[in-house]
Amino acid sequence: MPCRIAIPAALLALVLAPAPAAAADDDDLRQRYARCMARAQAQPLDAIEAAAEWRREGGGLAAGHCEAAALTTLGRHADAARLFLDLAARAPGDGPRAEVLAQAARAWLLAARPADALEALDGALALRPGDAELLIDRAFAHAARDDLDAAVADLGRALRQAPNHADALAWRAHAQRRLGNRGAAEIDVERALAVAPEHPLALLERGRLARLAGRVAAAHADWRRVLAVAPNTPEAAQAAASLKEDGAEP
């Protein structure tokens, strides 16, 4: 199971919320944050320098969050995680704090430190109990430690909050298959595809389940569909590898 690392647009409001500025100043701050975040993706080294200067000028959480985003782009995931934790400690209110802790957890996962990710997510869930997205992230952290039973449990909790969450259904199918629970995996994968008929992971997993059941043609059809709907993705790479293993054409 992968880590979902992203800098969600919703965090714009969270990092700017504390600024007791006039409307014009607030617009300027938002624009500067947007520019910095764009640079964090395209020119991360420049963004780090710009964010550091901005922090010295009093940029606060917005500047720090931009710097963390740039560190993530550079692959300095542990450094990004530590900065996210520092930002979380200074975030205004439980909701923003939980969101930034989730960012720290995703960075820890990319740094191959799932125990630290779990600690951050436990803290986030203490602030926002039952949050489906946080539970899904914690499932990824459990899976990174090869604790698939705990991953399935957290995905189940997430699905009680969001029964039609296609990602959670597809990832639970993946975990159930790996645990040998093929019947449960088949139920989840069909539920995921009912919600999102071209979900790449759900198609990949349905193909794997079909292959285990000896339905080779059906497996190959699903894997080729993954290549068609989600090229240049990890799911497509896995589908192509499975087809190659069977000696089949993509």
Side-chain angles (χ1 to χ4, degrees), residues 1-9 40-42 44 69 72-75 77 102-103 105-112 114 117 132-133 135-146 148 151-152 154-155 158-159 162 164-250:
M1 299 170 81
C3 163
R4 304 174 301 148
I5 187 72
I7 306 299
Q41 299 300 315
T72 299
T73 302
L74 287 168
H77 301 303
Q103 293 289 309
R106 293 164 195 163
W108 282 133
L109 282 174
L110 287 171
E133 296 300 326
L135 287 164
I136 293 168
D137 284 342
R138 194 169 69 176
F140 294 160
H142 285 307
R145 302 184 76 191
D146 290 325
L148 293 178
V152 166
D154 267 346
L155 289 167
L159 286 164
N164 294 321
H165 198 302
D167 288 344
L169 287 164
W171 281 111
R172 191 169 69 172
H174 169 87
Q176 292 282 31
R177 176 186 58 79
R178 288 179 59 190
L179 287 167
N181 302 327
R182 284 165 53 182
E186 288 169 358
I187 292 170
D188 277 345
V189 85
E190 292 303 333
R191 284 178 62 193
L193 289 168
V195 175
E198 294 191 336
H199 193 286
L201 178 61
L203 288 169
L204 180 68
E205 284 299 319
R206 188 171 69 176
R208 287 166 167 167
L209 290 163
R211 188 69 179 83
L212 288 170
R215 293 183 283 110
V216 177
H220 291 179
D222 276 337
W223 294 336
R224 291 188 179 107
R225 191 61 187 156
V226 174
L227 294 173
V229 302
N232 304 315
T233 63
E235 290 84 3
Q238 292 172 53
S242 295
L243 287 164
K244 182 178 180 181
E245 185 178 339
D246 279 359
E249 291 294 324

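Quick note: numbers below take in every heavy atom, side chains included, and nothing from hydrogens, waters or symmetry partners. In this chain, residues are counted from 1 in sequence order.
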Undergrad: Kindly compute the distance separating CG (Leu204) from CD (Glu235), expressed to the nearest 0.5 Å.
TA: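 With rounding to 0.5 Å, CG (Leu204) is 7.0 Å from CD (Glu235).
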Undergrad: Answer yes or no: is there an ion pair linking Arg211 with Asp246, defined by an N-O contact shorter than 4.0 Å?
TA: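 A salt bridge is present here (some side-chain N lies under 4.0 Å from a carboxylate O).
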Undergrad: Evaluate the criterion side-chain contact (heavy atoms from CB on, under 4.5 Å) for residue pair His199 and Leu201; output intermediate values, then yes/no.
TA: CA-CA 6 Å; His199 193 286; Leu201 178 61; 3.8 Å; yes
Undergrad: What heavy-atom pair brings Val152 and Ala175 nearest, and what distance separates the two atoms?
TA: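 Here Val152 and Ala175 meet closest at CG2-CB, 3.7 Å.
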Undergrad: Can Leu155 and Ile136 be said to form a side-chain contact (heavy atoms from CB on, under 4.5 Å), step by step?
TA: CA-CA 6 Å; Leu155 289 167; Ile136 293 168; 4.1 Å; yes
Undergrad: Would you say the side-chain atoms of Gln238 and Arg208 include a donor-acceptor pair closer than 3.5 Å?
TA: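 The answer is yes; a qualifying pair exists.
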Undergrad: Suppose we screen for ring pair (Phe, Tyr, Trp, His ring centres under 6.0 Å). Which residues come up paired with His77, at least two apart in sequence or across chains?
TA: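 His77 satisfies ring pair (Phe, Tyr, Trp, His ring centres under 6.0 Å) with no other residue.
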Undergrad: Quiz question: by atom type and distance under 3.5 Å, do the side chains of His174 and Asp188 form a donor-acceptor pair?
TA: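 No - no donor-acceptor pair under 3.5 Å links their side chains.
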Undergrad: For Arg177, enumerate each residue passing the salt bridge (Lys or Arg N to Asp or Glu O under 4.0 Å) test, keeping only those at least two apart in sequence or located in another chain.
TA: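 For Arg177 the salt bridge (Lys or Arg N to Asp or Glu O under 4.0 Å) partners, ignoring immediate neighbours, are Glu205.
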Undergrad: Can you list the residues that meet the salt bridge (Lys or Arg N to Asp or Glu O under 4.0 Å) rule with Asp154, with sequence neighbours excluded?
TA: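 Salt bridge (Lys or Arg N to Asp or Glu O under 4.0 Å) check on Asp154 returns Arg138, Arg157.
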Undergrad: Check whether any side-chain heavy atom of Leu193 lies under 4.5 Å from a side-chain heavy atom of Leu203, and answer yes or no.
TA: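 Yes, close enough: below the 4.5 Å cut-off.
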Undergrad: Quick one: ring pair (Phe, Tyr, Trp, His ring centres under 6.0 Å) pairs with a partner in residues 219-250, sequence neighbours left out?
TA: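 Listed by first then second residue: His220-Trp223.
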Undergrad: Is there a side-chain contact between Glu133 and His165 (heavy atoms, below 4.5 Å)?
TA: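 They are in side-chain contact.
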Undergrad: For the pair Thr73 (side chain) and Pro44 (backbone), establish whether a donor and an acceptor sit closer than 3.5 Å, ignoring hydrogens and angles.
TA: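 Not confirmed, Thr73 side chain does not pair with Pro44 backbone.
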Undergrad: For Ile187, enumerate each residue passing the side chain to side chain contact (heavy atoms under 4.5 Å, CB included) test, keeping only those at least two apart in sequence or located in another chain.
TA: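 Scan of Ile187 (side chain to side chain contact (heavy atoms under 4.5 Å, CB included), adjacent residues dropped) gives Arg191.
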Undergrad: For a quick test of reading the model, state the closest non-hydrogen atom pair linking Ala219 to Gly207 and the distance between them.
TA: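 Closest approach of Ala219 to Gly207, heavy atoms only: CB-O, 3.2 Å.
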Undergrad: Please give me the minimum heavy-atom distance between Ala192 and Ala170, naming the atom from each residue.
TA: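 Heavy atoms only, the tightest pair is CB-N, 4.0 Å.
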Undergrad: Please report the shortest heavy-atom distance between Asn232 and Ala236, naming the atom on each side.
TA: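 Closest approach of Asn232 to Ala236, heavy atoms only: N-CB, 4.1 Å.
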Undergrad: For Ala117, check side chain to side chain contact (heavy atoms under 4.5 Å, CB included) against everything at least two apart and list the hits.
TA: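 Ala117 satisfies side chain to side chain contact (heavy atoms under 4.5 Å, CB included) with Ala105, Trp108, Leu109, Ala141 once adjacent residues are dropped.
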Undergrad: May I ask you to test the Leu209-Val189 pair for a side-chain heavy-atom distance under 4.5 Å?
TA: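 With C-beta onward as the side chain, the pair touches.
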Undergrad: Kindly determine whether Leu243 and Glu249 satisfy side-chain contact (heavy atoms from CB on, under 4.5 Å), including the steps that lead there.
TA: CA-CA 7 Å; Leu243 287 164; Glu249 291 294 324; over 6 Å; no
Undergrad: Any side-chain heavy atom of Glu190 sitting closer than 4.5 Å to one from Arg206?
TA: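 When only atoms from C-beta onward are counted, Arg206 and Glu190 do touch, with a gap below 4.5 Å.
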Undergrad: Please report the C-alpha distance between Asp137 and Gln103 in whole Å, then the side-chain angles of each, then the deciding distance to 0.1 Å, and finally whether the side-chain contact (heavy atoms from CB on, under 4.5 Å) criterion is met.
TA: CA-CA 10 Å; Asp137 284 342; Gln103 293 289 309; over 6 Å; no
Undergrad: Could you report the tightest heavy-atom contact between Leu135 and Ala158, atom names first, then the distance?
TA: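 Heavy atoms of Leu135 and Ala158 come nearest at CD1-N, 3.7 Å.
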Undergrad: What is the minimum heavy-atom distance between Ala162 and Ala132, and which atoms define it?
TA: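 Closest heavy-atom pair between Ala162 and Ala132: CB-CB, 4.3 Å.
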